[in-house]
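Written out below as structure tokens is the structure these notes cover.
Note that the structure is a prediction, hence the values are computed from the model and not measured.
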Amino acid sequence: MKTRVHRFATAAPDDVSPLRRALGEGGINAEKVIAVLGKTEGNGCVNDFTRALSTLALTRLFSEVLGLSDEAVAERIALVMSGGTEGGLSPHILVFEVMDDPARSTSPGLAAGVAFTPAFLPEQIGRRAQIDATAQAVREAMARAGIERDEDVHFVQIKCPLLTSARCDEAARRGAAVATTDTYESMAYSRGASALGVALALGEIEPAQLRDAAVCHEFGLYSGRASTSAGIELMRNEILVLGNAPGWDAEFRIGHDVMADALDADAVTRALARVPGDGAGELVALLAKAEPSRNGLIRGHRHIMWDDSDINATRHARALVGGVLAGRTGHTALFVSGGAEHQGPDGGGPLAVITRTLIS
């Protein structure tokens with residue numbers, strides 16, 4: 001098997017022209033695409049329409065090329081759009097292909113698998129039901145990727161739902177109570193429960209540690225490999241598991257580490273060192289989470305990210321971490337996602353690098 005990763009700059013949230021050209025020229029086989037990750041230039045909040053716009057444009061493109069309905073595309077390809085490219089971050093998409101291909105190296109290569117949870121009821125978002133369903137879907141994605149050991153998983157990217165006023169009202173009419181009626185806060189609850197699901201699936205926490213009250217409260221519970229992003233455009237979790245496994249071509253490989261805080265650019269070096277094989281190769285993609293520290297300090301100095309009523313804290317964090325990592329890598333097309341509840345330690349977050357090494 002072989003996973004290939006392609007990165008395309010986008011000129012607008014609905015810009016699929018670079019991908020369309022690659023599909024038309026044979027550089028990408030639409031039949032083999034399992035996931036597309038994207039950074040869009042919206043605000044990353046509840047009302048960020050750019051995520052849905054990008055998802056729609058990609059769905060219509062694959063529907064046209066594959067001759068499938070929009071619904072069939074949605075069941076076939078995980079479309080994970082993350083809003084917010086504050087600071088110098090560049091809007092872009094990452095396209096993942098998986099194909100049958102004889103491995104040209106004995107070294108493990110990048111393995112990728114996708115799975116979806118069932119749709120959640122509003123009252124299940126941010127609670128144990130979402131945790132358990134996510135854990136099951138992560139294991140399903142691992143099985144599809146042929147990843148047998150938890151330690152071979154390096155990153156789990158999830159798109160998860162959020163609550164709207166209409167969704168809260170619908171639950172109330174049935175006599176059900178939601179985790180929160182604050183729609184912006186619901187993004188955190190959904191991200192947090194999804195991350196705890198990854199931690200449960202990968203053995204980073206024990207089942208006995210999990211309960212509804214732990215979500216967005218017991219932050220000592222976290223995954224070092226989860227990246228979750230909430231959006232209005234879905235009611236289920238869409239999951240992409242990335243790791244290294246034998247039998248997969250080693251042209252593309254992945255390594256991960258955890259940023260201890262927002263300034264920890266050395267996490268890139270540590271992640272590259274964990275890429276298997278001789279030499280890390282060309283950096284194809286960097287994926288990271290960003291979250292302001294809850295004590296209001298970064299290495300002893302005060303920050304105001306939580307106190308700014310004009311700009312959401314997650315937007316500040318994306319800009320800060322994006323700048324730190326762009327300075328380290330010399331590239332701004334980085335998949336930096338805000339909101340790291342239960343994703344890494346307070347003020348830090350998981351980070352992964354995907355590299356490409358040409359194998360003769």
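The two residues Val178 and Cys168 have their closest heavy-atom pair at CG2-SG, 4.0 Å. Closest approach of Gly84 and Leu89 over heavy atoms only: O-CD1, 4.4 Å. Minimum interatomic distance between His342 and Cys216 (heavy atoms only, all atoms of both residues): NE2-N, 2.8 Å. Counting all heavy atoms, side chain and backbone alike, Gly344 lies closest to Pro350 at N-CD, 3.8 Å. Looking at every heavy atom in both residues, Val198 comes nearest to Thr134 through N-CG2, 4.3 Å. Closest heavy-atom contact between Gly42 and Arg315: O-NH2, 4.2 Å.
Side chain of Asn244 to main chain of Ile254: a donor-acceptor pair is present (N/O by atom type, distance under 3.5 Å, no hydrogens or angles). For Trp306 (side chain) and Asn312 (main-chain N/O), no donor-acceptor pair under 3.5 Å exists by modelled atom type. A donor-acceptor pair under 3.5 Å is formed between the side chain of Gln124 and the backbone N or O of Leu121. In this structure a side-chain-to-backbone donor-acceptor pair under 3.5 Å is present from Glu204 to Gly224. Here the side chain of Glu75 pairs no donor or acceptor atom with the backbone of Ala72 at under 3.5 angstrom. Formation of a donor-acceptor pair under 3.5 Å by the His331 side chain with backbone atoms of Thr329 is not found in this model. Judged purely by atom type and a 3.5 angstrom limit, Glu291 uses its side chain to pair as donor or acceptor with the backbone of Ala340.
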Apply side chain to side chain donor-acceptor pair (under 3.5 Å) to Thr50 and Thr40, showing your working.
CA-CA 6 Å; Thr50 66; Thr40 67; 2.7 Å; yes
Please report the C-alpha distance between Ile298 and Leu320 in whole Å, then the side-chain angles of each, then the deciding distance to 0.1 Å, and finally whether the side chain to side chain contact (heavy atoms under 4.5 Å, CB included) criterion is met.
CA-CA 11 Å; Ile298 301 176; Leu320 172 59; 3.8 Å; yes
Asp15/Ser17 under side chain to side chain donor-acceptor pair (under 3.5 Å): CA gap, chis, key distance, verdict
CA-CA 6 Å; Asp15 178 24; Ser17 54; 2.6 Å; yes
Going through the checks in order, is the side chain to side chain contact (heavy atoms under 4.5 Å, CB included) test met by Ile158 and Glu238?
CA-CA 6 Å; Ile158 297 178; Glu238 302 194 353; over 6 Å; no
Determine, step by step, whether Thr314 and Tyr184 satisfy the side chain to side chain donor-acceptor pair (under 3.5 Å) criterion, reporting the C-alpha distance in whole Å, the side-chain angles of both residues, the deciding distance to 0.1 Å, and the verdict.
CA-CA 11 Å; Thr314 52; Tyr184 182 72; 3.2 Å; yes
Where do Arg167 and Glu123 land on the salt bridge (Lys or Arg N to Asp or Glu O under 4.0 Å) test, with the steps shown first?
CA-CA 9 Å; Arg167 292 168 183 174; Glu123 62 268 25; over 6 Å; no
The test is side chain to side chain contact (heavy atoms under 4.5 Å, CB included); show your working for Leu162 and Thr183 and say whether it passes.
CA-CA 7 Å; Leu162 53 79; Thr183 57; 5.7 Å; no
Carefully, step by step, assess Glu282 and Thr357 under the rule side chain to side chain donor-acceptor pair (under 3.5 Å).
CA-CA 6 Å; Glu282 171 196 4; Thr357 304; over 6 Å; no
Side chain to side chain contact (heavy atoms under 4.5 Å, CB included) evaluation trace for Arg191 with Gln343
CA-CA 9 Å; Arg191 290 189 300 253; Gln343 299 154 75; 4.1 Å; yes
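Using a 4.5 Å heavy-atom cutoff, the side chains of Leu210 and Leu196 are in contact. Side-chain atoms of Val353 and Leu283, non-hydrogen and from C-beta on, do get closer than 4.5 Å to each other. Between Gln157 and Val241 there is no side-chain heavy-atom pair separated by less than 4.5 Å. Residues Arg51 and Lys159 have side chains in contact (heavy-atom distance under 4.5 Å, counting atoms from C-beta outward). In this structure the side chain of His303 never reaches within 4.5 angstrom of the side chain of Leu297, judged on heavy atoms. No side-chain heavy atom of Pro108 sits under 4.5 Å from any side-chain heavy atom of Arg253. Taking 4.5 Å as the limit, every side-chain heavy atom of His316 sits out of range of all side-chain heavy atoms of Pro292. Residues Asp132 and Arg128 are in side-chain contact: their nearest non-hydrogen atoms beyond the backbone lie under 4.5 Å apart.
No salt bridge links Glu341 with Lys289; every basic N to acidic carboxylate O contact stays at or beyond 4.0 Å. Lys2 has no carboxylate O lying under 4.0 Å from a charged side-chain N of Glu97, or vice versa, which leaves the two without a salt bridge. Between Arg4 and Glu251 there is no salt bridge, since none of the side-chain N atoms of the basic residue sits less than 4.0 Å from a carboxylate O of the acidic one.
Summarising the local packing, CD of Glu151 is surrounded by more than 12 heavy atoms from other residues, nucleotides or ligands at distances under 6.0 Å. The number of heavy atoms from other shown groups lying within 6.0 Å of CZ (Arg294) is above 12. Within 6.0 Å of atom CZ in Arg174, more than 12 heavy atoms from other residues, nucleotides or ligands are found, so the atom counts as buried in its surroundings.
Linking ILVMFWY side-chain heavy atoms closer than 4.5 Å, directly or via other members, places Val5 and Phe155 in a single hydrophobic cluster. There is no path of hydrophobic side-chain contacts, each under 4.5 Å, that joins Val215 to Ile125.
In this structure, Leu19 belongs to a hydrophobic cluster whose other members, linked by side-chain heavy atoms under 4.5 Å apart, are Phe8, Val16, Leu23, Ile28, Val33, Val36, Leu58, Leu61, Phe62, Val65, Leu66, Leu68, Val73, Ile77, Leu79, Met81, Ile93, Val95.
Rounding to the nearest 0.5 Å places CZ of Arg225 at 15.0 Å from CG of Leu287. Distance check: Met187 CE to Ser229 OG gives 6.5 Å after rounding to the nearest 0.5 Å. Here the CZ-OG distance, from Arg318 to Ser82, works out to 6.5 Å after rounding to the nearest 0.5 Å. Taking CG of Leu37 as the start and CZ of Arg7 as the end, the distance is 12.5 Å to the nearest 0.5 Å. In this structure, CD1 on Ile131 lies 11.0 Å from CG on Asn237, to the nearest 0.5 angstrom. Separation of atoms OG1 (Thr117) and CD (Gln130) is listed at 7.5 Å; rounding is to 0.5 Å.
For the side chain to side chain contact (heavy atoms under 4.5 Å, CB included) with Trp248, the qualifying choice from Thr3, Leu110, Ile147 is Thr3, the only one to do so. When each of Arg328, Arg270, Arg299 is paired with Asp264, the side chain to side chain donor-acceptor pair (under 3.5 Å) condition holds for Arg270 and for no other.
Between Phe335 and His92, the ring planes are perpendicular. Angles over 60° get that label, and only those under 30° would be called parallel.
With hydrogens and angles left out, the side-chain atoms of Thr59 and Asp70 include no donor and acceptor closer than 3.5 Å. Glu41 and Thr85 share no side-chain donor-acceptor pair at under 3.5 Å.
Not a single salt bridge (charged side-chain N to carboxylate O under 4.0 Å, His left out) links Arg139 to another residue, sequence neighbours left out.
Remark: Arg236 is positioned above the aromatic ring of Phe116, its terminal NZ or CZ atom under 6.0 angstrom from the ring centre and at most 45 degrees off the axis.
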